[in-house]
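We count ligands from 1, going down the list as the structure has it; atoms in each ligand are counted the same way. Sequence positions, counted from 1, serve as the residue numbers for this chain.
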Amino acid sequence: VPIAVAASVARIRADVAAEREQGRRVALVPTMGALHEGHLALVSRALEIADAAVVSIFVNPLQFGAGEDLEAYPRTPDEDLAMLEAMGVRSVFMPPVSELYPHGDIETRISAGEAGAVFEGAARPGHFDGMLTVVAKLFNTVQPQVALFGQKDAQQLFLVRRMVRDLDIPVAIESVPIVRQDDGLALSSRNRYLSPGERRSALALPHALDAVAASASEGAEAALAAGREIVAGEPLVDLDYLAIVDPATFRAVGTGFRGQALAVVAAKVGGTRLIDNQAVVL
Ligand code: PAF
């Protein structure tokens, strides 16, 4: 079956309704395109747990701030569609901006609240409101039974789960582990911005997380100090934050915290902002 590319809300709704009438369970994989192995891991999990996978490709202007890389964000639709077709995806939702935002901007927004204003949200004001708003629109458009998100965007995943719970959206959220290159760098569409030197320096992010995990039994302060030392040795890496958060709240853990936590890191490498995270046990 050739891949069907829907550009309109009406078209994707009709395509998904046809799948549902056959009694098929539909999974949505929301993406901004420029697909890499990390996205493909989401797609292959979607094909495992559902009967039909819809992949959306939409670079959402609402989640980019002024001065961010909206215009420069990589767009590779032909390669994306070829990869998805090769994986057996039959349905792609690739609307133009005018389809999801026909009146230009929209005034109604989902608020990500306090947990959306820290870490990535502090560095990128409005980013998570814009992200949640488009994810809600995609859920309403496609109406999937399950939607898949990568663990690389840990704060995004946390906020999407909380939105679904808070707003009673009838969709199950499934997460998929980070896909890394052999040397440990987490895959990201933005890695293609890195020069060879920056690419080497970017390894400070996974290395810092490894150092945090290795010292976690000594407590959060000592673990974070070990991680910061790694980053400090890399002049091309400008650290934004390295923190350990409670996965239940996405707040930095207090001194007495024990148990499963998440080390999160963000840094600019050259002009490129990268994020990564790793589970740690305190
Ligand atoms: O993670 C992404 O690629 C985007 O934030 C998402 C979930 C597709 C919403 O635009």
Measure from the side-chain N and O atoms of R161 to the backbone N and O of I173, and report whether any donor-acceptor pair falls under 3.5 Å.
yes

If you draw a 6.0 Å radius around CD in Q181, do more than 12 non-hydrogen atoms from other residues or ligands fall strictly inside?
yes

Atom CZ of R200: over 12 foreign heavy atoms under 6.0 Å:
no

Passing candidate, side-chain contact (heavy atoms from CB on, under 4.5 Å) with V5, options I57, L81, L84:
L81

May I ask you to identify the nearest protein heavy atom to atom 7 (C) of ligand 1, giving residue, atom name and distance to one decimal place in Å?
Q156 NE2, 3.6 Å

Atoms of ligand 1 less than 4.0 Å from V134 heavy atoms?
9 (C), 10 (O)

One residue to check: V160. Relative to ligand 1, which of side chain, backbone, both or neither has a non-hydrogen atom less than 4.0 Å away?
neither

Numbering as shown, the atoms of ligand 1 that approach Q63 to under 4.0 Å (heavy-atom distance)
4 (C), 5 (O), 9 (C), 10 (O)

Out of all atoms in ligand 1, which are within 4.0 Å of some heavy atom of T31? Include the element for each.
8 (C)

One finds that the ligand 1 atoms under 4.0 Å from a non-hydrogen atom of M131 are 5 (O)

Ligand 1 contact on M32 by region, counting heavy-atom pairs under 4.0 Å:
both

Among V97, I106, L100, side-chain contact (heavy atoms from CB on, under 4.5 Å) partner for L62:
I106

Counting from 1 in the order shown, the ligand 1 atoms closer than 4.0 Å to a non-hydrogen atom of P30 are 8 (C)

Transitively linked via ILVMFWY side-chain contacts under 4.5 Å: F139 with F128?
yes

